[in-house]
Participant: 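Dropping a structure here in structure tokens format, bear with me for questions.
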Amino acid sequence: MHPKTHAILNLFHQREGFVSGEALSRELAVSRTAIWKHIKTLREAGYVIEAIPSRGYQLTATPDNLSAEEIERHLSSAIIGRRLICLAETTSTNSDAFRLAEQGAPEGAVVFADTQSGGKGRMGRRWVSPPGVNLYCSVILRPEIMPYEAPQLTFLSAVAVARAIELTTPIIPEIKWPNDVLVRGRKIAGLLNEMSAETDGTNFVILGMGINLNMAANQFPSDMRYPATSLCLELGRAVERVPFAATLLNELDRLYNEFQVYGFRPVREEWQQRCNAYGRELTVSDGDCEITRGAFEGIDDDGALLVRSRKGLERILSGDVRIL
Amino acid sequence: MDVKDLKVLIKMITETDITEFEMDNSDEKIVIRRGSKTEYVAMPSAPATFAMPQMTAAPVAAASSSQAGAVPQVSVELGETINSPIVGTFYRSPAPDAAPYVEVGQVVEKGQVLCIVEAMKLMNEIEAEFRCKIIKICKDNAQAVEYGDPLFAIEKL
């Protein structure tokens, strides 16, 4: 967005009611014709701006577009969201973030896309990413940790998504190991992380998050592995994407700062409280092959799943979990 | 020497009356002894700097035992390996129905992806840090790997 267009937007947000064309022209030190052009740009971006000849302009509706300007207005974070890249369309925000990180993008940079043509899931699966309704984003982190500690970060984004849902809606979500977020047993968010590491150090970690905010029932594919839902389907009303996105980044920022000071323990504790599956029977499978089944006994210091099976206490590092 | 060649070599030796065989080149030294004092010794001819996994050629040994009466026990020096930086699950391909990233004998370029090690839904694509040839794939697909476990034996090119 042009800086002057951005400045007009800021003036609208600062002042209630109408702002005269003359005042805008004076404050921005540009001609009335230039103001009119910027207003036109804003309208094209989805802002509803009323114009009354004797009174000037009034912003009456802000689009729920994922723009850096709009998300920034709601951000209170220290690291996460320091740099925002909002794309109309991409293949995969994880791939974009990975490439940007390789090129030296700073910690806390976040890539958003309105739609993804190749949203990634585990084992080469796809994350369905229709435009205009959901949130697809990837966060670049550069933690000073050893590669074997990096899987702990998986639990940060799961807790951040759960918190953001609770802060913006009356819904209380559950978490399934390691980081699926469920509402009434249906998947509402999918998180997939990627890492670039060498034997003795972590270059960067990408936390990828796909959250079904306003997806309609007919937008879900018929051949899904798990039952899925969206916040809109659960609430019966749409959720604004911009405030949700900012809340998510703010919470992730809090958790990441805490992680850097206190380590994994606080996140692990909150994750276990939210998981709500202690003692419940579950199965773990790899593809179509069942690895084990038994009672859920929490996660260990690395975040590995602990299952009490007939063979004893098993430690699981990857797989698809189903709660029976 | 790769496993296939080694198997052929053992078979050849067990079909003869040779009780001791020794081969030495710049990369490796192979010693196969048969008879009452069955043992095998593998020694690197150059100082080893990487983890050296042991590998046994059990199927061939079993097949040859009826003929020779003594089972040659064999392990081979793997030389340089690419090891896992994390504990996790080893995947040879990006998806179950996709082709593996690499096969034995393949020459890979620096930066080329060799496999994925996954832990807690964190995907770690292991890349070649230099141009090399894949000598051996040390783990099966979907097998659990520990930190530092050799994933591939390679030959630096």
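Just so it is clear, the model here is predicted, and its values are computed rather than measured. What you see below is based on every heavy atom in this structure, not just the backbone, and it leaves out hydrogens, waters and symmetry mates. Convention: sequence-line order gives letters A, B, ...; per-chain numbering from 1.
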Participant: For the candidates Leu153(A), Thr154(A), Asp302(A), which exhibits the highest count of non-hydrogen atom pairs separated by less than 4.5 Å from chain B?
Facilitator: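 Of the candidates given, the most pairs with chain B belong to Thr154(A).
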Participant: Please flag which part of Leu191(A) lies under 4.5 Å from any non-hydrogen atom of chain B: side chain, backbone, both or neither.
Facilitator: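 The answer is the backbone of Leu191(A).
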Participant: Can you say whether Pro178(A) sits under 4.5 Å from chain B via the side chain, the backbone, both, or neither, judging by heavy atoms?
Facilitator: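 Contact with chain B involves the side chain of Pro178(A) alone.
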Participant: Measure from the side-chain N and O atoms of Ser309(A) to the backbone N and O of Lys311(A), and report whether any donor-acceptor pair falls under 3.5 Å.
Facilitator: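 Indeed, once roles are kept as given, a pair shorter than 3.5 Å links the two residues.
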Participant: Measure from the side-chain N and O atoms of Gln152(A) to the backbone N and O of Asp301(A), and report whether any donor-acceptor pair falls under 3.5 Å.
Facilitator: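 Yes; judged by distance alone, with no hydrogens or angles, the pair exists.
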Participant: Between Glu198(A) and chain B, which part of the residue has a heavy atom less than 4.5 Å away: side chain, backbone, both or neither?
Facilitator: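 Both backbone and side chain.
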Participant: Kindly say whether Ser318(A) contributes a backbone atom to a donor-acceptor pair with the side chain of Arg122(A) at under 3.5 angstrom?
Facilitator: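 Not a single qualifying donor-acceptor pair exists.
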Participant: With no hydrogens and no angle check, do the side chains of Tyr101(B) and Gln112(B) hold a donor and an acceptor under 3.5 Å apart?
Facilitator: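 No.
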Participant: Counting only non-hydrogen atoms closer than 4.5 Å, does Ala98(B) touch chain A with its backbone (N, CA, C, O), its side chain (CB onward), both, or neither?
Facilitator: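 Interface part for Ala98(B): neither.
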Participant: Other residues, nucleotides and ligands only: do more than 12 of their heavy atoms fall within 6.0 Å of OH on Tyr262(A)?
Facilitator: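 12 or below, so no.
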